[in-house]
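Quick note on labels: first sequence line is chain A, next is B, and so on, each numbered from 1.
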Protein chains: 2
Amino acid sequence: MRNKRPTSFDIAELAGVSQSTVSRALRRDSMVSEDTRLKVEQAARQLNYKVDVNARNLRSQRSNTLALLLYEDPGTSESLINPFFLSILGSVTRASARRGYDLLISFQQSSTDWTADYASSKRADGIIFLGYGDYTSYLEKIASLDEAGIEYITWGPVLPGQPGHFIGSDNVQGMSDAVSHLIATGHRRIAFLGDISENCPEYRDRYQGYVQALAAAGLPADPALRLDSQTSEEAGHAAALRLLDAGTPFDAIVAACDLVAIGAMHALRDRGLAVPGDVSVVGFDDIQAASYTNPPLTTVRQDTAAAGELLVENLLRLMAGRALDQTIIPARLVVRQSSRPRGPLGA
Amino acid sequence: MRNKRPTSFDIAELAGVSQSTVSRALRRDSMVSEDTRLKVEQAARQLNYKVDVNARNLRSQRSNTLALLLYEDPGTSESLINPFFLSILGSVTRASARRGYDLLISFQQSSTDWTADYASSKRADGIIFLGYGDYTSYLEKIASLDEAGIEYITWGPVLPGQPGHFIGSDNVQGMSDAVSHLIATGHRRIAFLGDISENCPEYRDRYQGYVQALAAAGLPADPALRLDSQTSEEAGHAAALRLLDAGTPFDAIVAACDLVAIGAMHALRDRGLAVPGDVSVVGFDDIQAASYTNPPLTTVRQDTAAAGELLVENLLRLMAGRALDQTIIPARLVVRQSSRPRGPLGA
DNA sequence: TTGTATGCGTTATCAT
DNA sequence: ATGATAACGCATACAA
């Protein structure tokens, strides 16, 4: 037979103060003398008292909780989650914990309007979106949130005139750096693998960075060197094969993401081409697997630690009625062994 | 100027029923006529009503929420989370969502007694532990939970006479299968890399599976073939070098986990040895990177999808006062290219 | 600084 | 099957 859980009234009795004083003393809002605070804390410890968060949340009308909503492409395989998102998830978790917020997570696949539930049912004070799925359904979601007056922030492409609040990597700069690196190391025929439709604005930005870097070097962006590829190793493999079969000459491949780059490396090897001997390959994301490939993949690193920090930081700013701070995170080229100098400059 | 959020009273008024009837109709506990249910649901939709979970939780004394607590080794690098745990996290998320539970997650590093807070503050109805850190602090945690009458379940080694409730892979069987496979393909001098101290009971089980398989084939477990290694690529690399430097002959390496195996492969290559040409290498876990290594790593796959499912399933059973169901998950050998037949049998 | 009284929005209990 | 009423445990407004 276990004792009933103590309430703030029990603490009040034990400490010889009123219940409201207990409540005050246990938060850090002060307005209590050092003396009573010690008495209360002592009593609370003695009875092993813990504030009932449900009562607190009901009364204060806030939950001290953030929700992280991860939307996967319906096409994604049921069991796997994009490792890149998982990495952000990890840093968001830490960042919100550091600020005293609990984190509720949910992986959505269907486009239920469950989104708003989280906030309008007062489960969470703010929402972080990861992988928002298709853009139209995303717009519906944030519309309902705006209507309900709920704060949210989204990881994704930072575009001008966008509805909502976004935090994202500098995809243009990141890919531009990668391509500039290839050009500087003697590559001239650089293929781009990735889906640049409007469904993937981030890949679109990366492609723009690619074009930009070529232009800066006075090189044309040959349409024959751009191939569509979904976000998977298999798709990257297939895209590289299409490129090879087309007979278009090329000396490097940049991929919209690491998975595609890895698939492309396998395709090249399957056809007897050496990486980086015959072709350099560069990815984007720097997922963990990127450093384990053979050769280790040169790629553009998205700073997931900063991402989580900035997402939480800015969401809290929004919740406090303030404006966003920094929203774009620099992406950094990580040179490994899948790319190397060639031509007149190289060995 | 936004309208106030509607309450159940508003719905009651609109639907022309009492407020308590609204509450009944909105849950599935029935006891309401089909007619009134429809009226209520209609009114709720019309006003875009959502139950306030804080009020509901306060009144019903349950939160419909599970908490996932991930404890990392303090030694682990600040920013990285074991990909294997992340994978379980993904499946736990789905499993709890499927059962209508919200999931609260927290990554702990210090050994604060924050653990009990989650449950005794009524934030969560049950707790799932992942990576419980060191065993003694774990025992303290669960003691306070037991005292508070809170249900919890832990991912880890399933050992006889253990306090608490565990779900885990069959580490003995998994590693035994792996070693038997190596023996069957002609390997005779198989090294084991991993920490088998009492801090790592799971690795200990794997080592036991190793010994068992050797014994079944009438082979001795040469102490010179067992080397300590922490759980990281660098440690695996170093351990393999020590093995090589010792001069002990060997034709295969099994590692306590994939990261160690990957490090060992790199060490072998550094010394000019071919995998699997000269030495076969086998890991454990089947993390994503395992299939991207060169050659792709033969390993023992832990079924993380089943793990999440079973953790949630059994936690709910405990919460319902029932006994645990299945607690051990079979581990399955995945043969890739880092191992291959040799000797009289092989090429 | 502290105490008193009230209410947050729902579910549970007891009627009918 | 439905309605009236109390209660969940805390935080806030106001008074002292």
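At a threshold of 4.0 angstrom between heavy atoms, the contacts of A/Val17 are confined to the sugar-phosphate backbone, with no base atom among them. Residue contacts for A/Ser23: at a heavy-atom cut-off of 4.0 Å it reaches a base atom on one of the strands shown.
Evaluation of atom-type donor-acceptor distances gives a pair under 3.5 Å for the side chain of B/Arg59 against the base of C/dT11. At a cut-off of 3.5 angstrom, the base of C/dG3 holds at least one donor-acceptor pair with the side chain of A/Arg24. Under 3.5 Å, the side chain of B/Ser20 and the base of C/dT11 form no donor-acceptor pair of N or O atoms. Between the base of D/dA4 and the side chain of B/Gln19 there is no donor-acceptor pair shorter than 3.5 Å.
No donor-acceptor pair under 3.5 Å is formed between the side chain of A/Asn314 and the backbone N or O of A/Leu324.
Close to D/dC8, at under 4.0 Å from its OP1 or OP2, lies no side-chain N or O of A/Arg56. Contact between the side-chain N/O atoms of A/Thr21 and the OP1/OP2 oxygens of C/dG3 is found at a separation under 4.0 Å. Between C/dT10 and B/Ser8, a contact under 4.0 Å exists linking OP1 or OP2 to a side-chain N or O.
One can place CZ of B/Phe9 at 12 Å from C1' of C/dC8, the figure rounded to the nearest angstrom. We find that NZ of B/Lys50 is positioned 17 Å from C1' of C/dT10, with the value rounded to whole Å. If you take CG of A/Asn57 and C1' of C/dC8, they are 11 Å apart, rounded to a whole angstrom. Protein atom CG of A/Asp10 is 9 Å distant from nucleotide atom P of D/dG9, rounded to whole Å. Note: CD1 (A/Ile11) to P (D/dC10) measures 9 Å, nearest angstrom. In this structure, B/Arg27 atom CZ and C/dG9 atom P are separated by 18 Å, rounded to whole Å. Atom CD in A/Glu13 sits about 14 Å away from atom P in C/dG3, given to the nearest Å. If you take CZ of B/Arg123 and P of D/dC10, they are 13 Å apart, rounded to a whole angstrom.
Look at A/Glu309 and A/Arg94 and you find no salt bridge, because none of the NZ, NE, NH1 or NH2 atoms lies under 4.0 Å from a carboxylate O.
Both B/Gln61 and B/Ser18 sit near DNA chain D, but only B/Ser18 has its closest nucleotide nearer the 5' end. Taking the nucleotide of DNA chain D with the nearest heavy atom to each of A/Val51 and B/Ser33, the more 5' of the two is matched to B/Ser33.
With values rounded to the nearest 0.5 angstrom, A/Leu70 atom CG is found 6.5 Å from A/Leu68 atom CG. To the nearest 0.5 Å, the span separating NZ on A/Lys122 from CG on B/Asp52 amounts to 4.0 Å.
Taking the six-membered ring where the residue is Trp, A/Tyr152 and A/Phe129 present perpendicular rings, their angle passing 60° and hence far from 30°.
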